[in-house]
Amino acid sequence: MIKKELGPIGIFDSGFGGLSILKAITKELPNYDYIYLGDNARTPYGNRSPEIIYEFTRQAVDFLFKNNCQLIILACNTASSDALRKIQQEYLPQYYPSKKVLGVLIPGAEAAVAKTKNKKIGVMATEGTVTSGSFVREIKKLDSTIKVFQQSCPLLVPLIEAGEKNNPATKIILEQYIKPLKQKKIDTVILGCTHYGLVEEQIKKIFGDKVKVISEGKEVAKKLKIYLVKHPEIETTLTKKSKLSFYSTDTTAKFQTLGSKFFGQKIRVEKVNLN
């Protein structure tokens with residue numbers, strides 16, 4: 001009998017933002033082991049070409065699988081938009097046929113479709129995610145009558161990564177990004193970048209009570225729980241010691257300070273090189 005390989009769940013993001021996804025997942029599924037990888041040395045991904053995003057994502061996936069991860073969540077909307085399909089259809093069958101990689105787009109799209117009443121949904125995301133049209137595709141698959149209005153927010157990730165979320169300039173920039181969506185009379189907005197969860201309260205305040213704000217962390221956590229119930233062949237390969245490991249491709253001092261804010265508790269980070 002072949003011994004089954006066991007390991008943790010891998011969470012990958014281009015920077016800190018995915019820590020908010022990990023925080024929500026560990027709250028919903030606290031018993032599993034997790035490895036988090038942030039590619040902080042090369043963030044942001046949002047303004048890079050699809051080819052480069054795929055290559056960076058492939059390197060991250062390779063690193064996590066080599067560290068025994070059995071399942072990986074791409075907690076990065078840009079990677080989910082530009083690399084996930086190719087990873088699933090070409091890379092995994094060739095190199096890791098028994099393992100799975102999931103993205104964060106579909107849970108957010110499903111939640112927005114379920115909550116909209118006037119069928120007008122807004123998407124705030126990076127340039128890469130907006131250009132890919134991936135949220136529009138996923139929403140239209142679920143309901144072709146829904147109108148989707150996208151807004152790229154290129155300045156938000158650098159501001160949040162720099163620890164400037166409470167800077168008055170951030171509020172002014174948010175108001176500029178949100179204004180066109182308010183004019184479209186949307187009743188639901190997806191925060192289509194994991195970083196934006198850190199300014200969720202500011203976004204809610206600017207939109208007001210009439211607009212429902214979908215932050216991906218809770219949705220991804222709920223969907224992952226369902227996925228593991230439906231896929232025991234994956235669930236039974238996951239180790240369950242509540243162990244957390246954190247890796248970053250950039251200097252760890254900044255990651256530990258800002259990362260601890262994203263995750264909601266102090267974390268210790270080890271530096272790695274993906275090249």
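Throughout, numbering of the chain's residues begins at 1 and tracks the sequence.
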Can I get a per-line list of side-chain donor-acceptor pairs under 3.5 Å for residues 174-184, giving both atom names and the distance, sequence neighbours left out?
from, atom 1, to, atom 2, distance (Å)
Glu175, OE2, Lys171, NZ, 2.9
Tyr177, OH, Leu155, N, 3.1
Lys182, NZ, Ile206, O, 2.8

Do Ile73 and Leu6 sit in one hydrophobic cluster, given that two such residues count as connected whenever their side-chain heavy atoms are within less than 4.5 Å of each other, even indirectly?
no

Hey, is NZ on Lys218 packed in by over 12 heavy atoms from elsewhere, all under 6.0 Å?
no

Do Ile121 and Ile214 land in one hydrophobic cluster if side-chain heavy atoms of ILVMFWY residues count as linked below 4.5 Å?
yes

Quick one: does Ser248's side chain have a donor or acceptor within less than 3.5 Å of a partner on Asp250's backbone?
yes

Is it true that Phe263 and Phe246 have ring centroids separated by less than 6.0 Å?
yes

Ser134: what forms a side chain to side chain donor-acceptor pair (under 3.5 Å) with it, not counting sequence neighbours?
Ser81, Ser132

Spacing of Lys212 atom NZ and Asp209 atom CG [to the nearest 0.5 Å]:
11.0 Å

Kindly write out the residues that satisfy side-chain contact (heavy atoms from CB on, under 4.5 Å) with Ala24, not counting sequence neighbours, or none if the list is empty.
Ala221

Residues which pass ring pair (Phe, Tyr, Trp, His ring centres under 6.0 Å) with Phe56, listed by chain and number, not counting sequence neighbours:
Tyr45

Same apolar cluster: Leu258 and Ile21, side chain cutoff 4.5 Å:
yes

Any donor-acceptor pair under 3.5 Å linking the side chain of Ser260 with the backbone of Gln256?
yes

Give me each pair satisfying salt bridge (Lys or Arg N to Asp or Glu O under 4.0 Å) with a member in residues 151-166, each pair once, sequence neighbours excluded.
none

For Thr249 and Asn40, work out which heavy atoms get closest and say how close.
OG1-N, 3.1 Å

Take the angle between the ring planes of Phe63 and Tyr247 and call it parallel below 30°, perpendicular above 60°, tilted in between.
perpendicular

Which of parallel (below 30°), tilted (30 to 60°) and perpendicular (above 60°) describes Phe255 and Phe16?
tilted

Salt bridge (Lys or Arg N to Asp or Glu O under 4.0 Å) contacts touching residues 264-275 (sequence neighbours left out):
none

Could you tell me how the ring of Tyr32 sits relative to the ring of Tyr34: parallel (under 30°), tilted (30 to 60°) or perpendicular (over 60°)?
perpendicular

Got a sec, which residues hit side chain to side chain donor-acceptor pair (under 3.5 Å) with Glu110, two or more places apart in sequence or on another chain?
Lys223

Applying side-chain contact (heavy atoms from CB on, under 4.5 Å) to Lys243 and not counting sequence neighbours gives Asp33, Ser245

Here's a test for you: under salt bridge (Lys or Arg N to Asp or Glu O under 4.0 Å), which of Lys225, Lys240, Lys230 qualifies with Glu235?
Lys240

Qualifying salt bridge (Lys or Arg N to Asp or Glu O under 4.0 Å) pairs with a residue from residues 64-85, counting only residues at least two apart or across chains
Asp62-Lys66

Does the pair Lys99 and Glu5 meet the rule for a salt bridge (Lys or Arg N to Asp or Glu O under 4.0 Å), with working shown?
CA-CA 11 Å; Lys99 300 192 180 187; Glu5 187 188 344; 3.6 Å; yes

Which residue pairs pass the salt bridge (Lys or Arg N to Asp or Glu O under 4.0 Å) test when at least one of the two sits in residues 87-96, sequence neighbours left out?
none

If the condition is side chain to side chain donor-acceptor pair (under 3.5 Å), which residues does Arg42 pass it with, not counting sequence neighbours?
Asp39, Gln59, Asn275

Approximate separation, where rounding is to 0.5 Å, of Asn77 CG and Asp13 CG
8.5 Å

Residue pairs meeting side-chain hydrogen bond (donor to acceptor under 3.5 Å, both in side chains), one or both in residues 141-159, sequence neighbours left out, come to Lys119-Asp143, Lys119-Thr145, Glu138-Lys141, Asp143-Thr145

